[in-house]
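Everything on this sheet refers to the single structure shown next.
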Number of protein chains: 2
Amino acid sequence: MFSIGELSKRTGVKIPTIRYYEQMGLIEAPERSQGNQRRYSKDGMQRLSFIRHSRELGFSIGDIKGLLELSQHPEKPCHDAHNMAARRLEDVRARIAKLQRLERELKRISDCDADTVAHCAVIETLADHNLCETEH
Amino acid sequence: MFSIGELSKRTGVKIPTIRYYEQMGLIEAPERSQGNQRRYSKDGMQRLSFIRHSRELGFSIGDIKGLLELSQHPEKPCHDAHNMAARRLEDVRARIAKLQRLERELKRISDCDADTVAHCAVIETLADHNLCETEH
DNA sequence: TATAATCCCTCTAGCGACTATAGATTCAAG
DNA sequence: CTTGAATCTATAGTCGCTAGAGGGATTATA
């Protein structure tokens with residue numbers, strides 16, 4: 001049994017965020033001390049770790065609800081989990097591709113060595129999209 | 001002189017977003033028609049294009065205010081613009097690196113071909129961070 | 001010129017995933 | 001028993017929009 005502060009330290013999830021997850025129905029309301037403070041079990045900690053890890057991988061709160069549901073039912077087929085992971089993977093790849101285009105452009109425009117705004121590539125490029133090399 | 005709808009079409013910025021930018025002080029309030037509708041000049045359009053492009057590159061509204069200010073003063077030195085671009089570039093690179101780690105992990109866990117949740121790598125990995133290959 | 005279709009106005013509220021603040025209560029250590 | 005840290009609830013704010021309600025303006029056609 002540990003307090004919310006300890007749970008926070010052990011999982012790396014901030015205290016208000018834990019309470020927020022409770023409100024959102026991701027974690028169930030834990031037992032309380034006599035003075036009405038939350039007291040968590042190891043189980044609660046595992047669940048929170050699951051959530052944290054999932055968030056780090058970019059799953060939405062909605063997705064996580066589904067994944068948690070699934071993880072409670074080991075006998076169920078897991079297509080859903082795979083589909084979600086696959087969708088996330090696609091999304092991540094698209095974002096990487098987009099960011100790489102941005103990287104190229106940012107690099108190009110910040111290579112400018114003008115002194116004043118009048119000749120500055122950063123400003124010029126921002127003003128005129130046609131100066132970009134690639135689509136974005 | 002064109003309406004907000006036309007401005008929207010020409011710049012690709014949605015109408016409510018244009019009004020939002022006006023509220024945020026990114027673009028100044030344009031002239032109005034007799035019936036109180038916004039009427040934009042070519043100048044307004046260029047400013048909006050600047051904003052749009054900057055947003056696409058990931059600059060925040062706050063950053064853009066600064067960049068716009070700079071772009072109005074061609075005689076000023078442009079270190080600030082370069083610094084902002086450099087910071088953005090750093091940020092973009094960090095995000096790429098992080099996403100690539102996620103990609104590796106998502107790929108790994110979605111390669112699982114179990115049928116039920118009990119043996120599913122997706123669920124297992126989410127539950128136990130130690131199963132990950134890399135930090136994130 | 002009348003009317004209909006489309007556009008535009010303001011204002012308010014909502015999104016997701018938190019984060020911050022205020023003011024009150026409880027806990028743990030000395 | 002006192003003190004200081006931790007916790008409680010409730011509310012509001014963050015960012016960058018987006019959606020909706022309930023109206024007025026403009027434009028194209030009859």
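Chain identifiers are assigned alphabetically (A, B, ...) following the order of the sequence lines, protein sequences preceding nucleic acid strands; residue numbering begins at 1 within each chain.
Atom pair B:Leu48:CG and D:dC17:P shows a separation of 11 Å (rounding to whole Å applied). Atom CD in B:Gln34 sits about 16 Å away from atom C1' in C:dC8, given to the nearest Å. Taking atom CD1 on A:Ile18 and atom C1' on D:dT7, their separation rounds to 12 Å, with Å as the unit. The CD1 atom of A:Ile4 sits 19 Å away from the P atom of C:dT25 (whole-angstrom rounding). At whole-Å resolution of the value, CD in A:Glu22 and C1' in D:dC8 are 12 Å apart. In this structure, A:Phe2 places its CZ atom 20 Å from C1' of C:dT26, rounding to the nearest Å. The CD1 atom of A:Ile15 sits 12 Å away from the P atom of C:dA20 (whole-angstrom rounding). Put simply, NZ on B:Lys14 is 4 Å from P on D:dT18, counting in whole angstrom units.
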- Evaluate side-chain contact (heavy atoms from CB on, under 4.5 Å) for A:Gln72 paired with A:Arg47, printing each intermediate quantity in order. CA-CA 10 Å; A:Gln72 305 299 105; A:Arg47 202 173 161 95; 3.8 Å; yes
- Message: Working note: B:Tyr40 + B:Ile18, criterion side-chain contact (heavy atoms from CB on, under 4.5 Å); need CA distance, chi angles, decisive distance, verdict.
- Response: CA-CA 11 Å; B:Tyr40 294 91; B:Ile18 296 173; 3.5 Å; yes
- Task: Report the C-alpha distance between A:Gln37 and A:Ile4 in whole Å, list the side-chain angles of each, state the deciding distance to 0.1 Å, and finish with yes or no for side-chain contact (heavy atoms from CB on, under 4.5 Å).
- Result: CA-CA 8 Å; A:Gln37 301 192 351; A:Ile4 196 169; over 6 Å; no
- Task: Begin with the C-alpha distance, continue with both residues' side-chain angles, and end with the deciding distance and a verdict on side-chain contact (heavy atoms from CB on, under 4.5 Å) for A:Arg39 and A:Ser3.
- Result: CA-CA 5 Å; A:Arg39 290 294 176 261; A:Ser3 68; 3.7 Å; yes
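For the salt bridge (Lys or Arg N to Asp or Glu O under 4.0 Å) condition, the pairs that include at least one residue of residues 3-12 of chain A, sequence neighbours left out, are A:Glu6-A:Arg10.
For the side-chain hydrogen bond (donor to acceptor under 3.5 Å, both in side chains) test, no residue two or more places apart in sequence or in another chain qualifies with A:Arg87. Remark: B:Arg88 engages B:Asp91 in a salt bridge (charged side-chain N to carboxylate O under 4.0 Å, His left out) (not counting sequence neighbours).
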Taking only N/O atoms, report every protein-nucleotides 13-16 of chain D pair under 3.5 Å with atom names and distance.
none

Look for any protein N or O under 3.5 Å of an N or O in nucleotides 10-14 of chain C and output each such pair with its distance, or none.
from: C:dT10; atom 1: OP1; to: B:Arg32; atom 2: NH1; distance (Å): 3.2
from: C:dT10; atom 1: OP1; to: B:Arg32; atom 2: NH2; distance (Å): 3.1
from: C:dT10; atom 1: OP2; to: B:Arg38; atom 2: NH1; distance (Å): 2.9
from: C:dT10; atom 1: OP2; to: B:Arg38; atom 2: NH2; distance (Å): 2.9

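Under 4.0 angstrom from either OP1 or OP2 of C:dT26 there lies no side-chain N or O belonging to A:Ser33. OP1 and OP2 of D:dT26 both lie 4.0 Å or more from every side-chain N or O belonging to B:Ser3.
Residues A:Ser41 and A:Met1 share a closest heavy-atom pair of CB-CE, 3.8 Å.
Where the helix from C:dT1-D:dA30 to C:dG30-D:dC1 starts and where it ends, the local axes point in directions that differ by 0°; five pairs per end, rounded to 10°.
Between the side chain of B:Arg95 and the main chain of A:Leu99, no donor-acceptor pair closer than 3.5 Å is present. A donor-acceptor pair is defined here as one N or O able to donate and one able to accept, closer than 3.5 Å; such a pair exists between the side chain of A:Ser8 and the backbone of A:Val13. The backbone N or O of A:Gly25 lies less than 3.5 Å from no partner atom in the side chain of A:Lys65, so there is not a single donor-acceptor pair.
Where A:Pro16 and A:Gly35 each meet DNA chain C at their nearest nucleotide, the meeting point lying more 5' is that of A:Pro16.
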